[in-house]
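Below you'll find the structure, written out as structure tokens, and then a few comments.
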There are 2 protein chains.
Amino acid sequence: MQKSTKRIATMHKMQVTGLEMFYKNGYYSTSVDDILKELNLSKGAFYYHFKSKEEFFISILQSLVVKKVYSMLIEPIEGHDNPIDLITNCLEDALQTAEHNEYDYGFVLQNFITEFNGSNPEIMKYLNDTLKIWEVNLVSTLQRGKFNGYVDRHIDCEGVASYIISSFLGIRTLMVEGSATALRYRYMQQIRFYLRAMANKQTA
Amino acid sequence: MQKSTKRIATMHKMQVTGLEMFYKNGYYSTSVDDILKELNLSKGAFYYHFKSKEEFFISILQSLVVKKVYSMLIEPIEGHDNPIDLITNCLEDALQTAEHNEYDYGFVLQNFITEFNGSNPEIMKYLNDTLKIWEVNLVSTLQRGKFNGYVDRHIDCEGVASYIISSFLGIRTLMVEGSATALRYRYMQQIRFYLRAMANKQTA
DNA sequence: GATAAAACAGACTAATGGGTTTGGTTTTTT
DNA sequence: AAAAAACCAAACCCATTAGTCTGTTTTATC
């Protein structure tokens with residue numbers, strides 16, 4: 001009983017290539033035809049599977065982006081180890097991924113937020129919700145860190161979380177054109193410095 | 001001899017409205033007709049003054065954006081006062097401007113960098129150059145701060161500068177949808193905390 | 001106030017892109 | 001083998017958009 005297995009495979013292929021091209025060239029600058037040419041598929045194929053370009057894009061957000069945000073930005077910082085180390089390593093990994101021309105999904109979000117802001121409220125909702133998921137998980141990781149004695153009790157977890165996200169999104173913007181390796185190195189030094197100051201001074 | 005006074009006035013009006021709409025809806029999502037309708041002007045007028053949409057946009061970068069980056073982000077941090085205070089106040093001002101739905105020009109740059117990255121190298125060059133101007137000036141402000149005894153000698157000025165820019169660009173992304181006031185408040189607390197640690201501990 | 005140049009209006013063109021339709025082929029089920 | 005479901009190709013439709021062309025109005029100059 002694999003009646004929909006091919007359907008799913010085809011849709012998935014379209015979504016993967018779609019995300020790649022939307023991310024690289026922007027949503028509005030990437031035509032459906034562009035994606036189909038890349039895949040040697042036809043318009044008929046596309047509109048058999050998806051109602052519209054917009055619905056197609058939303059399906060990408062739901063089935064690819066959200067999952068990747070979880071696996072790259074959220075799961076690595078779960079658990080009861082020192083959140084400061086967890087977060088530092090997670091950011092380092094994400095930036096290294098970015099450096100090798102793959103996409104780290106925090107920046108994917110930022111790109112699309114910039115593009116759709118003001119022009120498409122429905123898509124913006126999905127994007128903001130996903131970003132919010134990251135933020136919420138950062139906050140609770142920090143709070144858990146307080147509870148477990150790793151993080152200073154006086155720290156404003158919400159403030160730190162949005163500051164981490166901000167700096168990360170920003171450095172990724174700079175990396176698109178600047179010398180990525182040098183920027184990553186410097187950024188990691190600064191964020192380490194910043195996060196180290198959050199540590200609980202009582203406990204080792 | 002005011003043969004070009006009207007010409008300049010009209011061009012300027014087009015540029016101001018153009019920047020506003022490009023910034024709000026994106027370059028590719030804003031048609032020349034959209035801008036002209038807003039101004040009650042015609043195609044003939046537009047192409048009388050500008051060779052193309054792209055040239056029009058570049059003229060906006062040159063005549064509006066660069067100047068504003070200077071007056072909002074560079075001039076305020078010049079001088080020989082404590083650069084940590086200068087930078088803090090400058091960022092605060094920029095974020096307050098942003099909160100009142102006007103545009104702070106750091107974010108204008110970021111928006112366009114995101115939009116044109118990968119699709120238009122010529123425009124990217126202008127945008128990156130402008131961002132670079134900001135960065136270079138931040139670095140030299142910090143170095144001057146070292147010289148004048150305000151900033152710790154061990155600080156990596158390049159690292160701090162790109163970290164400041166990063167966090168600023170990032171927080172602006174978050175502000176587009178989140179509660180701007182709360183984000184600004186938190187951000188300023190964090191950046192103050194971060195910058196205070198740069199201060200020279202010897203001198204008061 | 002005639003004339004020339006500058007500034008502007010608006011219909012038109014060509015190309016692009018989202019989406020539809022038609023007309024098929026392959027795969028699965030019975 | 002026959003019917004139905006899943007899948008695919010490409011011509012076609014319609015709205016939009018950057019850019020052109022031809023003319024008209026405004027403005028400066030003598």
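All values below were derived from every heavy atom in this structure, side-chain atoms included, with hydrogens, water molecules and symmetry-related copies excluded. Quick note on labels: first sequence line is chain A, next is B, and so on, each numbered from 1.
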Contacts under 3.5 Å, N or O only, protein and nucleotides 21-24 of chain C:
none

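- Interatomic distance, OG of Ser119(B) versus NZ of Lys24(A), reported as 12.0 Å (0.5 Å rounding).
- The existence of a salt bridge linking Lys125(A) and Glu122(A) is excluded, since no basic side-chain nitrogen approaches an acidic carboxylate oxygen closer than 4.0 Å.
- Annotated stems with DNA chain D as a participant read C:1-30 with D:1-30, given as range with range, by first number; only runs of 3 or more Watson-Crick or G-U pairs under 3.5 Å qualify.
- In this structure, a donor-acceptor pair under 3.5 Å is present between the side chains of Gln15(B) and Ser59(B).
- Residue-level contact check: Asn40(B) touches the backbone only, with heavy atoms under 4.0 Å from sugar-phosphate atoms and none from bases.
- Look at CZ on Phe46(B): it is 13 Å from P on dC8(C), rounded to the nearest Å.
- We find that CD1 of Ile35(A) is positioned 12 Å from P of dG19(C), with the value rounded to whole Å.
- Contact detail for Gln143(B) and Cys157(B): the closest heavy-atom pair is CG-SG, 3.7 Å.
- Under 4.0 angstrom from either OP1 or OP2 of dC8(D) there lies at least one side-chain N or O belonging to His49(A).
- Comparing dA18(D), dG18(C), dC8(D) by their closest approach to the side chain of Val32(B) singles out dA18(D).
- Each of dA9(D), dG18(C), dC8(C) was ranked by its minimum atom distance to the side chain of Thr10(B); first place goes to dC8(C).
- Where Met14(B) and Ser29(A) each meet DNA chain C at their nearest nucleotide, the meeting point lying more 5' is that of Met14(B).
- Rounded to a whole Å, the CD atom of Glu54(A) is 8 Å from the P atom of dG19(C).
- Following rounding to the nearest Å, Phe56(B) (CZ) and dT17(D) (P) show an atom-to-atom distance of 16 Å.
- Between atom CG of residue Asp104(A) and atom CD of residue Gln110(A) there is a gap of 10.0 Å, rounded to the nearest 0.5 Å.
- Remark: Lys53(B) qualifies as a cation-pi partner of Tyr27(B) under the 6.0 Å distance and 45° angle criteria applied to the six-membered ring.
- Checked against dC8(C), dG19(D), dG19(C), the side chain of Ala45(B) finds its nearest nucleotide in dC8(C).
- Look at Lys13(B) and Glu38(B) and you find no salt bridge, because none of the NZ, NE, NH1 or NH2 atoms lies under 4.0 Å from a carboxylate O.
- Between the OH atom of Tyr28(B) and the P atom of dT16(C) there is a distance of 15 Å, rounded to whole Å.
- Taking the six-membered ring wherever Trp is involved, the centroid distance between the rings of Phe46(A) and Tyr48(A) does not fall below 6.0 Å.
- Under the 30°/60° scheme for interplanar angles, the aromatic rings of Tyr194(A) and Tyr163(A) are found to be tilted.
- Not less than 6.0 angstrom separates the ring centroid of Phe112(A) from the ring centroid of Phe22(A).
- Taking atom CZ of Phe50(A) as the reference point, atom P of dT20(C) lies 15 Å away to the nearest angstrom.
- Leu36(B) places its CG atom 11 Å from the C1' atom of dA18(D), with the value rounded to the nearest Å.
- With dA9(C), dA9(D), dT17(D) as the candidates, the nucleotide lying closest to the side chain of Ser42(B) is dA9(C).
- Distances shown here put a side-chain N or O of Lys53(B) below 4.0 Å from the OP1 or OP2 atom of dA18(D).
- The nearest whole Å value for the distance from the OH atom in Tyr48(B) to the C1' atom in dG19(D) is 18 Å.
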